[in-house]
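Reviewing the structure listed below.
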There are 2 protein chains.
Amino acid sequence: MTASTLSEVAKLAGVSPATASRVLNGSARTPAPEIAERVRQAADTLGYIANAQAQGLAKARSGLIGLIVHDIADPYFSAIARGVQAAAREQGKMVLLATTEGTPADERAAVAAFAARRADSIVIAGSRSTQPGDKDSNTELAAELDRYCRNGGKVGVVGHSIVGASHPDGYHVVDVPNEELAAKLAVELSAGTQGDFVIIGGPEGRLTSDDRIRGFQRGLSDAGLPEAEVIRSRFNREGGYEAGLQLAARIKAGQSGGTRFCIFAANDVMAIGAVAALRSEGLRIPRDALIAGFDDIETLRDFRPPLTTVSLPLEEIGRLAALGSSNDRDGSEDASAHSSVTGTVVLRRSTETASAPG
Amino acid sequence: MTASTLSEVAKLAGVSPATASRVLNGSARTPAPEIAERVRQAADTLGYIANAQAQGLAKARSGLIGLIVHDIADPYFSAIARGVQAAAREQGKMVLLATTEGTPADERAAVAAFAARRADSIVIAGSRSTQPGDKDSNTELAAELDRYCRNGGKVGVVGHSIVGASHPDGYHVVDVPNEELAAKLAVELSAGTQGDFVIIGGPEGRLTSDDRIRGFQRGLSDAGLPEAEVIRSRFNREGGYEAGLQLAARIKAGQSGGTRFCIFAANDVMAIGAVAALRSEGLRIPRDALIAGFDDIETLRDFRPPLTTVSLPLEEIGRLAALGSSNDRDGSEDASAHSSVTGTVVLRRSTETASAPG
DNA sequence: ATGAAGTGGGAAAGCGCATTCCCATTGCAT
DNA sequence: ATGCAATGGGAATGCGCTTTCCCACTTCAT
């Protein structure tokens with residue numbers, strides 16, 4: 001037994017499919033109340049559920065919003081996903097998920113898949129990479145997105161505008177002031193710290209990571225401090241762990257010169273990994289080293305010692321990206337090519353210089 | 001400018017739409033290589049992307065798999081989502097996301113929405129509730145799912161079979177031995193513990209929570225210990241926190257009778273909340289109380305003190321649910337109504353009775 | 001040389017719905 | 001009473017694709 005169709009409902013109600021369509025799925029024209037009731041009853045007894053695919057075909061809109069993330073299990077992305085999901089819900093849409101592990105080629109494929117499904121809009125989160133090896137893929141990604149826009153799609157971008165993308169009004173980017181906030185963090189940290197600064201960053205070319213590193217360096221410089229050394233690693237917990245091991249060895253070898261290293265990890269998850277590594281080497285935070293992260297991941301807030309970080313309204317970011325790229329076109333002016341959020345530096349115990357009582 | 005269509009491609013290639021369809025999207029019949037090449041070229045120059053909605057309509061399959069979770073930002077669910085996503089990818093499908101906050105009414109709506117989109121299968125994660133107030137909604141949820149199955153849909157269920165659902169072969173449930181594992185945890189904990197056991201559980205009627213509580217009690221009983229008190233709270237971090245505050249007050253009032261409470265929180269996130277509460281009251285783990293969780297959430301593994309818990313292969317669970325409900329029907333026998341996973345008790349510092357050196 | 005079997009492309013009929021147009025009916029003003 | 005606009009339902013078309021069926025042509029066996 002297959003699902004019942006509109007015409008079956010119409011037949012049962014003794015009306016035409018057109019009328020049934022009008023009453024069941026919103027239309028400008030509203031049939032007479034008595035007829036409407038009959039149709040609704042028929043639909044009910046048949047357990048009618050409109051075929052969204054057919055509707056999409058007929059209306060050229062799908063009610064779908066595509067979401068591209070690196071890894072849905074990464075708390076950074078899942079927080080954004082929650083925001084996107086909330087926005088989708090508000091608009092009566094559904095979200096389609098794609099994970100890409102950050103590779104531009106997969107992102108391109110995801111965009112194509114979304115385009116195939118005629119997603120009304122696409123939200124692309126997660127920093128793109130500008131590594132030389134990814135150059136072609138990036139160009140193709142931009143091309144694919146442009147094509148999608150040209151065909152009427154809207155795309156919401158978290159963080160930076162897409163490199164190479166050029167369609168005039170198809171993109172809505174949610175600016176995240178990674179650089180400024182990282183600078184601010186550096187300034188605030190430098191106030192009460194005397195040890196050397198070290199940065200644990202993602203791979204070179206990872207935009208978000210690069211922004212944060214650049215900002216942090218600028219902050220140091222603004223505070224009259226020398227540039228910090230940068231250790232490159234993967235942009236996840238394991239990357240942080242590995243970098244942490246390196247640092248631990250150096251700390252134990254006395255390379256921190258009598259003072260504590262102040263470590264800045266480009267995101268919270270890396271910071272946690274680094275802390276785990278330091279601990280596994282018998283070092284303690286903040287006794288033997290200070291450390292700060294970025295993002296203020298919710299699940300990590302109960303971590304000990306509490307992690308100094310930059311709090312970002314991730315859910316809101318997701319919401320804005322989804323809303324900004326919604327098809328409320330006929331744009332209220334041009335006001336909507338960008339929206340921006342702000343974050344706040346949150347100093348916590350992991351960077352406290354006065355040795356804690358406990 | 002709107003996306004180009006199959007017939008445009010066909011025209012450009014000088015063939016019929018039928019032929020174009022055959023070469024571009026897999027078919028049993030394969031046109032001549034030379035023609036195929038021409039079609040492919042035409043598709044390429046036009047930037048043709050098949051309209052999945054139209055394909056879905058024509059083929060009566062959508063290539064979509066619906067995923068229902070309480071909250072995508074909850075690490076438990078996002079881990080499962082990752083598994084589902086992986087399975088979807090293997091099968092060349094996409095996942096459609098719905099979040100419900102655990103309310104049966106929303107779950108019902110999500111199922112209906114998936115049915116409307118003609119999702120090939122639905123994975124429903126997250127414990128259903130059997131609270132009296134939800135009874136009707138639950139019945140409706142079951143009815144909706146049954147209807148979906150009757151129309152040819154497959155549903156993968158994480159944890160328990162759907163209460164009230166009855167369609168013979170539409171459901172594939174991934175059994176999670178919550179009860180057994182909780183019992184095992186209780187037994188292992190009781191070995192080295194003398195204090196009273198206390199359970200922090202979710203609201204009554206929450207299936208997963210109830211299973212774990214029941215199992216834990218059984219384990220205690222098997223070990224010859226009296227039944228533990230159960231504190232009911234919300235099934236998330238805040239719930240754990242609130243329960244933790246209550247317990248902290250009692251511990252400080254000396255109600256633990258000279259020994260330490262051994263707290264079992266029905267999931268890791270609650271456990272973390274409880275730990276945070278105890279800490280905020282100046283208590284320390286495991287010095288002042290022991291605590292164990294359930295799930296072994298990845299992001300929480302670096303937590304201090306390391307949390308005793310039950311490790312569950314969440315990603316695998318998601319995979320199995322998605323795969324098991326995939327339309328490889330013509331079922332290899334009936335072998336596939338269930339699949340099961342197993343977990344392991346992981347004893348860590350949070351329940352160590354020998355007072356730690358540090 | 002002839003027919004049967006096989007090969008490969010095209011025409012056409014939907015898939016389930018929205019929507020445009022058309023037509024019958026009604027209400028009103030004249 | 002007559003004409004007009006407004007109202008509301010139905011027929012038909014098309015959204016973009018798959019798939020069945022048909023037909024022209026080739027190839028082989030006889």
Side-chain angles (χ1 to χ4, degrees), chain A residues 1-40 42-43 46-64 113 115-120 151-152, chain B residues 1-40 42-43 46-64 113 115-120 151-152:
Chain A
M1 178 199 290
T2 173
S4 50
T5 73
L6 224 212
S7 16
E8 291 174 21
V9 173
K11 192 181 304 173
L12 179 59
V15 301
S16 76
T19 302
S21 168
R22 291 196 259 254
V23 18
L24 258 20
N25 320 330
S27 156
R29 292 177 49 174
T30 318
E34 172 233 355
I35 291 204
E37 187 49 33
R38 229 167 56 215
V39 171
R40 251 184 291 272
L46 255 41
Y48 171 73
I49 295 186
N51 183 327
Q53 308 215 73
Q55 293 189 149
L57 226 208
K59 293 201 286 204
R61 293 186 296 102
S62 62
L64 253 27
R117 296 234 130 79
R118 297 301 186 264
D120 297 339
N151 290 342
Chain B
M1 179 199 288
T2 174
S4 51
T5 73
L6 223 213
S7 14
E8 291 175 20
V9 173
K11 192 181 304 172
L12 180 58
V15 301
S16 75
T19 303
S21 168
R22 291 195 259 253
V23 19
L24 258 19
N25 321 329
S27 156
R29 290 179 50 176
T30 317
E34 173 233 354
I35 291 205
E37 187 49 33
R38 228 166 58 215
V39 171
R40 250 183 290 272
L46 255 41
Y48 172 72
I49 295 185
N51 184 326
Q53 308 216 73
Q55 293 188 148
L57 225 207
K59 294 202 284 206
R61 293 184 296 101
S62 62
L64 254 25
R117 296 236 133 77
R118 298 300 185 262
D120 296 339
N151 290 341

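Note on naming: letters A, B, ... go to the chains in the order of the sequence lines (proteins, then strands), and numbering restarts at 1 for each one. Computation of the quantities below employed the complete heavy-atom set of this structure, encompassing side-chain atoms and omitting hydrogens, waters and symmetry-equivalent molecules.
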- For the residue pair Leu64(A) and Arg118(A), establish whether any side-chain heavy-atom pair is separated by less than 4.5 Å. no
- Message: Measuring from atom CG of Leu57(A) to atom CD of Gln55(B), what distance do you get when rounded to the nearest 0.5 angstrom?
- Response: 10.5 Å
- Give a yes or no answer on whether the side chain of Arg38(A) reaches the backbone of Ala13(A) with a donor-acceptor pair at less than 3.5 Å. yes
- For residues Val9(B) and Val39(B), determine if any side-chain heavy atom of one lies less than 4.5 Å from a side-chain heavy atom of the other. yes
- Distance in angstrom units between Glu34(B) CD and dG8(C) C1', rounded: 12 Å
- Query: Which parts of nucleotides 15-22 of chain C does protein reach within less than 4.0 Å, heavy atoms only, written one letter per nucleotide 5' to 3' as B for base, S for sugar-phosphate only and - for none?
  - Reply: BBBSBBB-
- Here the gap from Gln53(B) atom CD to Ser62(B) atom OG, rounded to the nearest 0.5 Å, amounts to 10.5 Å
- Message: How bent is the helix from dA1(C)-dT30(D) to dT30(C)-dA1(D), measuring the angle between the end axes built from five pairs each, rounded to 10°?
- Response: 50°
- Item | Nearest-angstrom distance from the residue atom CD1 of Ile35(B) to P of dG10(C) | 6 Å
- Quick one: side-chain hydrogen bond (donor to acceptor under 3.5 Å, both in side chains) pairs with a partner in residues 8-17 of chain B, sequence neighbours left out? Ser16(B)-Thr19(B)
- Message: Is the shortest side-chain heavy-atom distance between Ile35(B) and Val23(B) below 4.5 Å?
- Response: no
- At what distance, to the nearest 0.5 angstrom, does CG of Leu12(B) lie from OG of Ser7(B)? 12.0 Å
